[in-house]
Each structure stands twice: as structure tokens, then as C-alpha cells.
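Below is one structure; the comments refer to it alone.
Each chain gets a letter, A, B and so on, in the order the sequences are listed, and its residues count up from 1. Note that the structure is predicted; figures quoted are calculated from it, not measured.
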Number of protein chains: 2
Amino acid sequence: MQISSRFTIAVHVLTCVAVLDGQMPLNSETIAGSVGVNPVAVRNIFRQLKAVGLITVQRGGNGGVALARKLSDITLLDVYRAVDSVESGQLFHFHENPNAACPVGRNIHHVMDGRLAEIQDEMEQKMATMTLADVVTDTEALIAKEAQQAG
Amino acid sequence: MQISSRFTIAVHVLTCVAVLDGQMPLNSETIAGSVGVNPVAVRNIFRQLKAVGLITVQRGGNGGVALARKLSDITLLDVYRAVDSVESGQLFHFHENPNAACPVGRNIHHVMDGRLAEIQDEMEQKMATMTLADVVTDTEALIAKEAQQAG
DNA sequence: TATGCATGTAATCAAGATTAATACATCAAA
DNA sequence: TTTGATGTATTAATCTTGATTACATGCATA
């Protein structure tokens with residue numbers, strides 16, 4: 001299995017908010033159009049991003065989304081955790097019923113837990129080094145390049 | 001979503017082969033008993049571990065499994081890759097239909113791919129530093145400690 | 001060589017998770 | 001008060017996993 005697409009969707013959503021601000025209404029429907037998913041899926045992600053203070057959401061006529069932090073203060077790890085990319089925060093799914101009557105079965109969990117945590121931590125710390133500012137800068141550079149090539 | 005439990009199951013299987021050798025028949029049924037899963041699940045993992053040369057499997061009366069490499073030559077990354085822990089080797093599931101009509105939609109994949117690969121690589125390299133020898137050593141130490149406490 | 005036992009593998013089924021889609025309540029602004 | 005957007009529950013469809021059954025295949029031994 002893989003890490004939920006909610007993660008890449010959430011990054012896409014936030015990038016839209018940063019890049020498209022002022023060019024089009026930033027509501028769940030237009031953003032869903034860019035991402036290629038259902039507007040309800042986007043609204044559910046709004047809720048999760050709002051819950052950890054990454055965005056603010058306004059209801060009602062001309063409602064929509066706005067960033068609540070500087071792009072350079074939002075890391076990929078923040079986004080990853082906000083949208084529950086993996087169940088219960090555990091990257092690895094440990095098999096549930098090792099047999100306690102077997103010496104290996106009753107010790108394997110304890111032996112592996114520390115190592116799995118180390119691996120997960122290594123990955124998460126790498127995510128913490130990357131910010132949305134980087135992603136948005138690269139995206140805008142590509143868009144500028146497109147405009148240039150179009151003449 | 002999480003990484004398939006096939007990974008921790010495979011580590012458990014290999015640890016059984018190393019620790020229980022000589023103490024009980026190393027066939028899919030006894031090992032399945034320790035892991036707490038169906039014997040067919042264990043046999044399917046046998047097949048994957050065999051395909052990459054980590055074990056040899058013998059059919060027929062007193063058949064069973066044996067390690068094909070030294071424990072110190074089998075890393076957690078080897079096991080992880082052998083059992084297809086994540087789909088197509090991709091840790092992240094990228095949403096499938098970003099809209100090419102949107103400047104963000106048509107560039108986000110390219111912008112994120114490199115970063116996702118870096119994160120995945122960081123994690124895999126960490127797994128490559130850990131060997132089954134470490135896991136087996138720790139497991140046997142815990143077993144010895146149990147025996148000591150039992151008097 | 002015949003028999004028994006274990007692997008190899010296909011097929012089926014149930015359980016759980018994901019996503020899409022519908023519907024409607026809630027709320028803000030004009 | 002009307003309009004338009006979010007908040008959220010619910011249902012259905014799709015997918016993946018894992019358990020289970022069944023049986024063919026192959027090796028060892030009597």
C-alpha cells in the first residue's frame with residue numbers, strides 16, 4: 001500500500017491557493033477542478049488544514065480559502081501530518097496476531113518497533129526540510145517558462 | 001494508508017527461520033502459527049523471498065525453508081523490496097487526474113516528483129543500514145533474558 | 001514405485017478503506 | 001432576504017487485503 005493521495009492533493013490545494021490568488025475565486029469547486037477530484041474531497045481537506053492552522057476558510061457568498069502562515073513556514077511534514085496521510089501516524093502496518101506462545105512471536109514486536117520508528121523518523125525529518133515556498137517557487141518558474149516558450 | 005504488513009510478516013518469517021532452526025520444522029504451517037496468519041500467506045511470501053534469492057524452499061516430505069544468504073547480508077531494504085511493500089515501488093500515491101488546463105495542475109506533478117523521490121530514498125537508505133543479523137541478535141537476547149528470569 | 005507430506009498457485013469470499021456523489025443544514029455578505 | 005459557499009452525513013461503487021478452500025506439483029522415503 002501507499003501513502004494516501006490526500007497528501008499530494010493537499011499540497012496541490014495549497015499551491016493553488018498561493019499561485020492562483022487573485023486570478024480566480026479560491027473555493028472548493030474551482031480548486032477541485034484543478035486537482036481533478038470531487039469538491040467534497042477538497043472541503044474535507046480544507047477542514048483538516050484549518051484544524052492545524054495552515055489556512056483560514058470563510059463561508060458564505062464570496063467565501064473561500066486563504067493561507068494562515070507564510071509559505072516558508074509550512075513544511076511538507078506539516079501538510080503530511082495535517083491530512084492523516086497514514087493511519088494513526090504509523091507508517092508501517094505491523095501484523096496484528098503474532099503468537100505469544102512462540103519465542104519469536106512474543107518478541108518480534110518489541111525488537112522491530114524501535115527500528116520502524118527510526119526509519120519513519122528519518123523520512124519525516126526529510127519532509128520537514130522542504131517548504132511550500134520551495135514548491136511554489138518551482139511551480140511559478142515552470143509557469144513563467146511556459147509563457148516564455150509560447151512567445 | 002500504511003505500508004503493507006507483508007513487510008513485517010516477512011521479517012518475522014526470516015527471523016523464525018534463523019532463530020528456530022533445528023527446534024521445529026520450518027514449514028509454512030509452523031511459521032504461520034508463529035506469525036498468526038494463514039499458511040498460504042506465508043507460502044506467498046516464501047515465493048517472493050525466493051525470487052530475489054533470500055531463501056531456498058524445498059518441496060515434498062520434510063520440505064521447508066532455509067536462508068540463502070548470511071543474516072548480515074540481508075538488509076531490511078532487501079526484504080521490503082522483495083515483498084512489494086508498496087505499489088510499483090512508489091511510496092507516495094499521487095492523485096491521478098490533475099487538470100492540464102490549470103497552470104498548477106499541469107506542473108505540480110513535475111515539481112513534486114523529485115521531492116517525493118528524495119524523501120523515499122532517504123527512508124530506503126535508512127532501511128539499508130539495518131540487517132537481519134541485528135534483528136536476530138536482539139531477538140535472541142530477549143529470549144535469553146526470558147529464560148534467565150524464569151530461573 | 002507407490003505413498004505421504006509440503007510447496008505452488010488459482011479462485012472465491014468477506015472485510016475494510018477510498019472516493020465519488022447526493023443532499024441538505026449552516027453561515028456570511030450584499 | 002436572497003445568494004453562494006462551506007460543513008457534514010450518508011450512500012454507493014471501486015479497490016485492496018487477507019482468509020480460506022481446493023487441488024496440482026514435486027520430493028523423500030518406505
Side-chain angles (χ1 to χ4, degrees), chain A residues 1-10 12-13 16-17 24-33 35-51 54-66 68 83-88 90 92-99, chain B residues 1-10 12-13 16-17 24-33 35-51 54-66 68 83-88 90 92-99:
Chain A
M1 290 299 314
Q2 299 172 302
I3 292 172
S4 173
S5 62
R6 263 198 313 280
F7 171 59
T8 59
I9 292 175
H12 188 153
V13 166
C16 278
V17 175
M24 57 177 70
L26 297 174
N27 58 47
S28 64
E29 193 164 328
T30 59
I31 293 178
V35 178
V37 297
N38 195 283
V40 174
V42 173
R43 293 208 284 270
N44 285 331
I45 286 176
F46 281 179
R47 189 189 345 174
Q48 295 181 294
L49 295 176
K50 189 176 78 169
L54 296 186
I55 60 174
T56 57
V57 185
Q58 193 167 24
R59 303 172 78 156
N62 71 358
V65 186
V83 298
D84 271 329
S85 302
V86 296
E87 272 176 62
S88 315
Q90 298 296 309
F92 293 96
H93 179 16
F94 211 105
H95 53 291
E96 327 249 320
N97 305 307
N99 185 350
Chain B
M1 290 299 317
Q2 299 173 301
I3 292 171
S4 173
S5 62
R6 265 199 311 280
F7 171 59
T8 59
I9 292 175
H12 188 152
V13 167
C16 279
V17 175
M24 58 177 70
L26 297 175
N27 58 45
S28 64
E29 192 164 327
T30 59
I31 293 178
V35 178
V37 297
N38 196 284
V40 174
V42 172
R43 293 208 285 270
N44 285 331
I45 287 176
F46 281 179
R47 189 189 346 175
Q48 295 181 293
L49 295 176
K50 190 175 79 169
L54 296 186
I55 61 175
T56 57
V57 184
Q58 193 165 25
R59 303 171 78 157
N62 73 357
V65 185
V83 299
D84 271 328
S85 303
V86 296
E87 273 177 59
S88 314
Q90 298 296 309
F92 293 95
H93 178 16
F94 211 104
H95 53 292
E96 327 249 320
N97 305 306
N99 186 350

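- Between A/G60 and B/R47, the one whose closest nucleotide on DNA chain C sits nearer the 5' end is B/R47.
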Side chain to side chain contact (heavy atoms under 4.5 Å, CB included) assessment of B/I3 paired with B/V86: CA-CA 6 Å; B/I3 292 171; B/V86 296; 4.0 Å; yes
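- Taking atom CG of residue B/N44 and atom P of nucleotide C/dG8, one finds them 9 Å apart after rounding to whole Å.
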Derivation and outcome, side chain to side chain contact (heavy atoms under 4.5 Å, CB included), residues B/M1 and A/Q2: CA-CA 6 Å; B/M1 290 299 317; A/Q2 299 172 302; 6.0 Å; no
Distances for protein N or O near nucleotides 15-25 of chain C N or O, under 3.5 Å:
unit_1	atom_1	unit_2	atom_2	d
C/dT19	OP1	A/S5	OG	2.7
C/dA21	OP2	A/N38	ND2	3.3

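- With hydrogens and angles disregarded, no donor-acceptor distance shorter than 3.5 Å links the side chain of A/S28 to the backbone of A/V42.
- To the nearest angstrom, C1' of C/dA6 lies 18 Å from CD1 of B/I45.
- For the atom pair B/I31 CD1 and B/R43 CZ, the distance stands at 11.5 Å (nearest 0.5 Å).
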Which is it for B/I55 and B/V17 under the side chain to side chain contact (heavy atoms under 4.5 Å, CB included) test, yes or no, and what are the steps along the way? CA-CA 10 Å; B/I55 61 175; B/V17 175; 5.8 Å; no
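- No donor-acceptor pair under 3.5 Å is formed between the side chain of B/T56 and the backbone N or O of B/A68.
- A/S5 contributes atom OG, which lies 4.5 Å from atom NE2 of B/H93 (distance to the nearest 0.5 angstrom).
- If you walk DNA chain D from 5' to 3' and mark each nucleotide with an atom closer than 4.0 Å to a heavy atom of chain A, the marks span D/dG4 to D/dT17.
- Judged purely by atom type and a 3.5 angstrom limit, B/N44 has no side-chain atom pairing as donor or acceptor with the backbone of B/R47.
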Test side chain to side chain contact (heavy atoms under 4.5 Å, CB included) on B/I45 and B/R6; report intermediate values, then the result. CA-CA 8 Å; B/I45 287 176; B/R6 265 199 311 280; 4.2 Å; yes
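- At the heavy-atom level, B/Q58 lies under 4.0 Å from the strands shown only through sugar-phosphate atoms.
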N/O contacts under 3.5 Å, protein versus nucleotides 1-3 of chain C?
none

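- The phosphate of C/dG8 has OP1 or OP2 within less than 4.0 Å of a side-chain N or O from B/K50.
- With A/N99 contributing its side chain and B/G33 its backbone, the two residues share a donor-acceptor pair below 3.5 Å.
- Here the shortest heavy-atom pairing between A/H12 and B/P98 reads CE1-CB, 4.0 Å.
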